[in-house]
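The model shown is predicted, which means the values in this text are computed figures rather than measured ones. Order of the sequence lines fixes the chain letters, A, B, ..., with proteins taken first and strands second; residue numbering starts at 1 for each chain.
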Number of protein chains: 2
Amino acid sequence: MFRLSKKVEYAILALQFMSSKQGELCSAKEMSEILSIPYEFLSKSLQILMKKGIVESVQGVRGGYQLSKPADEITINDIITALEDNPSIVECLSHASKEEALACIRSEECSIKNPMIKLQQQVHNIFKNTSLAELSENNLK
Amino acid sequence: MFRLSKKVEYAILALQFMSSKQGELCSAKEMSEILSIPYEFLSKSLQILMKKGIVESVQGVRGGYQLSKPADEITINDIITALEDNPSIVECLSHASKEEALACIRSEECSIKNPMIKLQQQVHNIFKNTSLAELSENNLK
DNA sequence: TATAAATACGACTATTGTAATCGGATATAT
DNA sequence: ATATATCCGATTACAATAGTCGTATTTATA
């Protein structure tokens, strides 16, 4: 519980790798081997990150991926929201339940809804305030 | 992903309820009905919270549970760590993998271990700095 | 002292979400 | 042409979470 998914973990590893290879194209295969990540699994995530504008891809021989913007402009929150449908800390705060209206039985009179929203904002703020670049800096310390 | 478990969510609801009934014993049955929580599921959590010293229990007829300390001395972190074995934001930071040594393939040269530890500390700080009492205050705002 | 109402506790099942895999299509440098 | 890459949907495998069941124990009170 309260754990980042492998999808996100792997994405962070790969994005950090690309960041270190500034400009060069990195193939999914290369990264999967170096970072010990299942190739198919990583590929799928990279494709999503591409659609979300976080990485750019070049197809064909000698193709690969590269960051589409500087590492200090990519936040952990960007990565999480790109890969996860419902990054809410409790089920009732997810998009799905908002639409379905009755997902939470306690609904209107729920005594922890507002507090949970506040907690969630705090957690998300951490992710919004941490960039890929900072992550790599922290590694050196 | 990155979601509090139902176990924790229900526990927060129940503890908040007990906090509002200061001093009175609250039975698991009563709380499960009022808060729409499966009785067996809630009971189990309450028993764990009892062992961890967060609530006190009285057995037998007219028995029940009550907070063992003021609501402002119980943090969300206390509740989470009582109920969850491994509150780590990535698998490799869990107690289990520390012991088993090889749980993380990247192990020593992992480029995101330190950054993840820092992120985790920030998240945990939020939970450590939020008490049950504050949670209820937030609800009124 | 029998009974009903409560906690205590382990084992089990069901459901869901995550992780991983598979098969095939498309693009492109050489 | 071919090898190397991305692209993409479908499927399977696995693990974690959520929920249930059965039974034992405790205790107020009628």
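- When each of B:Phe41 and A:Ser57 is assigned the nucleotide of DNA chain D bearing its nearest heavy atom, the one mapping closer to the 5' terminus is A:Ser57.
- Across all strands, A:Lys44 comes closer than 4.0 Å to base atoms (heavy-atom distances).
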Between the protein and nucleotides 26-30 of chain C, list every N/O to N/O distance that falls short of 3.5 Å.
{"residue": "C:dA27", "atom": "O4'", "partner": "A:Gln59", "partner atom": "OE1", "Å": "2.7"}

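- If you check distances only, the side chain of B:Lys6 never reaches the base of D:dG19 with a donor-acceptor pair under 3.5 Å.
- If you take NZ of A:Lys52 and P of D:dC7, they are 15 Å apart, rounded to a whole angstrom.
- The distance between atom CG of B:Leu46 and atom P of C:dC9, rounded to the nearest whole Å, is 13 Å.
- Under the 3.5 Å distance criterion, the side-chain polar atoms of A:Gln120 are matched with a main-chain donor or acceptor of A:Ile89.
- Here the side chain of A:Ser19 pairs no donor or acceptor atom with the backbone of A:Leu15 at under 3.5 angstrom.
- Checking C:dA19, C:dT7, D:dC8 against the side-chain heavy atoms of B:Ala28 singles out C:dT7 as nearest.
- Nucleotide D:dA16 holds its P atom 8 Å from the CZ atom of A:Arg3, rounded to whole Å.
- Taking atom CD of A:Glu9 as the reference point, atom C1' of C:dA20 lies 15 Å away to the nearest angstrom.
- Residue order along DNA chain D, read from the 5' end via each residue's closest nucleotide, puts A:Tyr65 first among A:Phe2 and A:Tyr65.
- Within the 4.0 Å cut-off from OP1 or OP2 of C:dA8, not a single side-chain nitrogen or oxygen of B:Tyr39 is found.
- Across the protein-nucleic acid pair, B:Leu4 atom CG and D:dA16 atom P stand 18 Å apart, rounded to whole Å.
- Atom CD1 in B:Ile48 sits roughly 15 Å away from atom P in C:dT7 (whole-Å rounding).
- If you take CG of A:Leu83 and P of C:dG17, they are 18 Å apart, rounded to a whole angstrom.
- At distances below 3.5 Å, at least one donor-acceptor pair connects side-chain atoms of A:Ser68 with backbone N or O atoms of A:Gly53.
- Taking Ile, Leu, Val, Met, Phe, Trp and Tyr as members and joining any whose side-chain heavy atoms lie under 4.5 Å apart, directly or through other members, the hydrophobic cluster of B:Leu25 also contains B:Val58.
- Under the side chain to side chain donor-acceptor pair (under 3.5 Å) criterion, the residue pairs touching residues 49-64 of chain A are A:Glu56-A:Gln66, with sequence neighbours excluded.
- For the pair B:Asp78 (side chain) and B:Ile74 (backbone), a donor-acceptor distance under 3.5 Å is absent.
- When the C1' atom of C:dA20 is taken as reference, atom CD of B:Glu91 falls 14 Å away, rounded to whole Å.
- Here A:Phe17 and A:Tyr65 keep their ring centres 6.0 angstrom or further from each other.
- Side chain B:Lys29 to base C:dT7: no donor-acceptor pair is found below 3.5 Å.
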